[in-house]
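Some notes on the structure that comes next.
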Amino acid sequence: MAVKGLQAVRGMNDIFPAEAAAWQALETDLRGLLQLYDYGEVRLPLLESTELFARAIGDVTDIVQKEMYTFADRNGDSLTLRPEGTAGCVRAAIQNQTMRGQTPRYYYMGPMFRHERPQKGRYRQFHQLGVEVFGQAGAGTDAEIIALSARILKQAGVQASLQINSLGSPEARAAYRERLLEYLRPQQEALCADCQTRMEHNPLRILDCKVPGCQQIASSAPHLVDHLDSESALHFASLQKLLTALDIPYQLNHSLVRGLDYYNRTVFEWVTDALGAQGTVLAGGRYDGLVAQLGGQDTPAIGFAVGLERLLALQEIQGNQACADKPVLFIGAMEDDSLARSWQLAEALRDLGISVVSGGPAGFKALLKQAERSRALFQLVIGLGQLQGEPVIIKEQCGEGRWEGSLEAVITGLQSLGVDFPKHAPHTGQNFATARRSK
RNA sequence: GUGGCUGUAGCUCAGUCGGUAGAGUCCCGGAUUGUGAUUCCGGUUGUCGCGGGUUCGAGCCCCGUCAGCCACCCCA
């Protein structure tokens, strides 16, 4: 229950250990994959000057117009919590001159902030893994990062399908925009109110409007890929050839236009219908003009971002989410006198790298309950008898295993047990009590 | 930013016509100092999201507000 007056800001979530285990496992997996492709981590500020995002993302986009957390610094500068990662990454690469004569491959993981109405798969603070490659103009790089994205989803055990499109050069896109408007104008009255507004500032978005009437009109619209400049057309053909060679299935989606202004040529999205209205899990594309636009030398670039909450939600739906590691041993002490001894033992075992949870002093039955709740693989109880030399009993909590010995032998005994517990134990939803009853 | 639904114990929920806030579960202790059955006994569970209004009296009706969920919009 929320304490009066003290609650998290809307759309911002607290993550507790049970859930954090899935996050950690996912992050570890992701870092491993990125290492396979030799991407290096960059850690960037969460806060940037507002101007950066306005210039990079585009003044007319919804993100800049209505979704940014913007406020004045103490000296009056306008600052913004990053709504996405690419702009900051490009800014950092320019500022630190890391692209001179280099073709760096970067990744970053962390929170992004957008002031939208929260719903399934959409939060005001959410987390992305972002990947950016600079200085590589060839379609091979497009194929590489799409292959990487495919591998990320596969590793995460997530089902999604790949859609691609090409936006061509800015000039070709501008020309296509005129062709599209010529096609739409006679039917303008039939479009929804939103799309009539879109005709003013972003007619390409009309192509993926959900209103049936608009879809009808869009379905017969001229295709962007038929109006590409020749270099972009070659680039796109080359990419498709590579995807086929890499055995990565894809769909050409003519209405895939991406929301942010900086994209050109290749755009792609991995989509699913398992997340309600938020179908995009991973999305990216080429943004060859952005580095120059932000004041750097003209440098081709490409990247993508994955929504970690969405990835985790899909993992949960598909039963692939990792669980927290279990402690190896629970040590319970029955009375104050045995408590000191049990703590000594616990510390000695931790010296050996064995995870231990301590409990007590408490009655015997209470200790067994504590042991069960600790999820430990083994449990032992120390009482006055053990202090006087009676044997200790180590018992396997889930199974039948049982081992007796002196207190001093427990340490070597535990080692001889060869404890090897799964890092990602399958989550059955069963506790030990129900597991026992079903035996 | 717009709309619909929902907020009662740690959890799942009931609460009739406006009349003393309940059940199950969980947790704790005991019957039972030594390896967890079952059962029984006892115990703690609360700003009814928050604020205001109507009323002799509000968990219930009205207004506002906050939060959650879902959709629009947008996007990862």
Side-chain angles (χ1 to χ4, degrees), chain A residues 1-13 57 61-67 83-86 109 111-131 149 160 192-195 197-198 202 205 208-211 257-260 269-272 275-284 303-314 330 332 334-335 338 362-373 378-386 390-398 400-404 431-439:
Chain A
M1 163 141 323
V3 176
K4 182 183 179 183
L6 285 176
Q7 44 187 333
V9 175
R10 181 173 212 187
M12 307 207 177
N13 299 310
I57 300 172
T61 58
D62 277 13
I63 292 179
V64 171
Q65 285 195 327
K66 356 185 246 213
E67 296 174 5
E84 57 98 47
T86 300
M109 269 193 256
M112 307 291 166
F113 303 85
R114 290 184 201 169
H115 196 282
E116 301 178 273
R117 191 91 165 236
Q119 67 184 75
K120 190 186 191 73
R122 187 172 83 179
Y123 308 99
R124 288 187 172 180
Q125 175 175 330
F126 61 102
H127 298 74
Q128 287 185 337
L129 160 69
V131 162
S149 71
C192 71
D194 284 336
C195 282
T197 313
R198 286 178 182 130
N202 202 350
R205 292 219 64 88
D208 62 358
C209 180
K210 285 178 188 167
V211 176
V257 295
R258 311 267 46 242
L260 282 52
E269 270 185 18
W270 288 87
V271 297
T272 169
L275 289 179
Q278 313 304 323
T280 305
V281 188
L282 183 155
F304 66 75
V306 207
L308 299 188
E309 282 86 355
R310 291 183 185 178
L311 214 47
L312 286 162
L314 286 172
F330 175 89
M334 294 200 56
E335 48 292 279
S338 15
F364 186 70
K365 191 158 188 169
L367 287 177
L368 293 186
K369 285 209 147 192
Q370 287 180 27
E372 180 179 318
R373 202 168 345 125
F378 300 92
Q379 49 98 339
L380 74 81
V381 172
I382 294 177
L384 294 177
Q386 278 67 45
E390 284 178 27
V392 172
I393 299 169
I394 298 176
K395 205 181 156 194
E396 194 180 6
Q397 291 218 92
C398 254
E400 305 295 329
R402 198 182 152 96
W403 184 90
E404 280 190 37
N431 61 27
F432 292 128
T434 57
R436 269 200 317 280
R437 263 173 232 129
S438 64
K439 273 195 308 211

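Lettering follows sequence order; numbering is per chain, from 1. Just so you know, these numbers come straight off a predicted model, no measurement behind them.
- Taking only side-chain nitrogens and oxygens, A:R10 never comes nearer than 4.0 Å to OP1 or OP2 of B:rC69.
- When each of A:A8 and A:R198 is assigned the nucleotide of RNA chain B bearing its nearest heavy atom, the one mapping closer to the 5' terminus is A:A8.
- Side-chain atoms of A:K369 lie closest to B:rC28 of the nucleotides B:rU35, B:rC72, B:rC28.
- Distances were taken from every side-chain heavy atom of A:M334 (C-beta onward) to each of B:rU33, B:rC74, B:rC75; the shortest belongs to B:rU33.
- Atom C1' of nucleotide B:rG29 and atom CG of A:L368 are separated by 15 Å, given to the nearest angstrom.
- Taking CE of A:M12 as the start and CZ of A:F126 as the end, the distance is 10.5 Å to the nearest 0.5 Å.
- The interatomic distance linking A:Q278 (CD) with B:rA76 (P) rounds to 11 Å, in whole Å.
- When all heavy atoms are compared, the tightest approach of A:F330 to A:Q370 is CZ-CB, 3.6 Å.
- Figure legend. B:rC40 is base-paired to B:rG30; pairs are counted as Watson-Crick or G-U wobble with both atom distances under 3.5 Å.
- The distance between atom CG of A:L314 and atom P of B:rA76, rounded to the nearest whole Å, is 16 Å.
- A:Q125 has its CD atom 17 Å from the P atom of B:rA76, to the nearest Å.
- One finds no side-chain N or O of A:K120 lying less than 4.0 angstrom from the OP1 or OP2 phosphate oxygen of B:rC69.
- Proximity note for A:Q386 (side chain, C-beta onward) versus B:rG34, B:rG29, B:rC69: the nearest is B:rG34.
- Under the Watson-Crick or G-U wobble criterion, with both distances below 3.5 Å, B:rG18 is left unpaired in every strand shown.
- Residue A:Q125 holds its CD atom at 13.0 Å from CZ of A:R114, rounded to the nearest 0.5 Å.
- A:A283 comes within contact range of the sugar-phosphate backbone alone, with a heavy-atom separation under 4.0 Å but no base atom that close.
- A:P391 approaches A:Q386 most closely through the heavy-atom pair O-NE2, 3.0 Å.
- Summarising the base pairing, B:rU55 is matched to no nucleotide, lacking a Watson-Crick or G-U wobble pair whose two defining distances lie under 3.5 Å.
- Close to B:rC28, at under 4.0 Å from its OP1 or OP2, lies a side-chain N or O of A:R373.
- Taking atom CG of A:D194 as the reference point, atom P of B:rC72 lies 12 Å away to the nearest angstrom.
- A 4.5 Å side-chain heavy-atom check between A:P83 and A:I57 finds at least one atom pair inside the cut-off.
- When the P atom is used for both B:rC5 and B:rA58, the distance is 26 Å, rounded to whole Å.
- With C1' as the reference atom, B:rU32 and B:rG42 are 16 Å apart, rounded to whole Å.
- Comparing B:rG22 with B:rU65, their C1' atoms sit 29 Å apart, to the nearest whole Å.
- In plain terms, the two heavy atoms of A:E116 and A:R124 that are nearest each other are O-NE, 2.7 Å.
- A sub-4.0 Å separation between OP1 or OP2 of B:rC70 and a side-chain N or O of A:Q119 is absent.
- Separating the CG atom of A:L367 from the P atom of B:rU35 is a distance of 14 Å, rounded to the nearest angstrom.
- Only the P atoms considered, B:rA14 is 16 Å distant from B:rG24, to the nearest whole Å.
- Using a 4.0 Å heavy-atom distance criterion, A:G11 is classed as a sugar-phosphate-only contact.
- Counting any heavy atom pair closer than 4.0 Å across all strands shown, A:E309 reaches no nucleic acid atom.
- A:R122 contributes a side-chain N or O that forms a donor-acceptor pair with the base of B:rC73 under 3.5 Å.
- Here B:rA71 sits opposite B:rU2 as a Watson-Crick or G-U wobble pair (both hydrogen-bonding atom distances under 3.5 Å).
- Toward the 5' end of RNA chain B, the nearer of the two residues A:V211 and A:V9, judged by each one's closest nucleotide, is A:V9.
- Within 4.0 Å of A:E396, counting heavy atoms only, lies no atom of the nucleic acid at all.
- Closest contact between the side chain of A:F364 and the listed nucleotides B:rC72, B:rU33, B:rU35 involves B:rU35.
- The side chain of A:R117 lies closest to B:rG1, out of B:rG1, B:rG68, B:rC75.
- The gap from the P atom of B:rG49 to that of B:rC26 amounts to 26 Å, rounded to the nearest Å.
- The side chain of A:I393 sits closest to B:rU35 out of B:rU35, B:rU33, B:rA76.
- Contacts of A:G121 with the nucleic acid, taken as non-hydrogen atoms under 4.0 Å apart, include base atoms.
- Between A:K365 and B:rU35, a side-chain N or O to OP1/OP2 separation shorter than 4.0 Å is absent.
- Separation of the P atoms belonging to B:rG46 and B:rA31 is 27 Å when rounded to the nearest angstrom.
- Contact between A:Q397 and A:A371 at its shortest, heavy atoms only, is NE2-O, 2.9 Å.
- Side-chain atoms of A:W270 and A:T272, non-hydrogen and from C-beta on, never get closer than 4.5 Å to each other.
- Here the side chains of A:E309 and A:H127 are in contact, with some heavy-atom distance below 4.5 Å.
- Atom CZ of A:R124 and atom P of B:rG1 are 7 Å apart (whole Å).
- In this structure, the CD atom of A:Q128 is 18 Å from the P atom of B:rC74, given to the nearest Å.
- Nearest to the side chain of A:K210, among B:rC72, B:rG34, B:rA76, sits B:rC72.
- The same atom, P, is picked in B:rC40 and in B:rG4; the two are 49 Å apart, to the nearest Å.
- A distance of about 23 Å separates the C1' atoms of B:rG19 and B:rC13, rounded to the whole Å.
- Taking the side chain of A:L384 as heavy atoms from C-beta on, and the options B:rU33, B:rC73, B:rA67, the nearest nucleotide is B:rU33.
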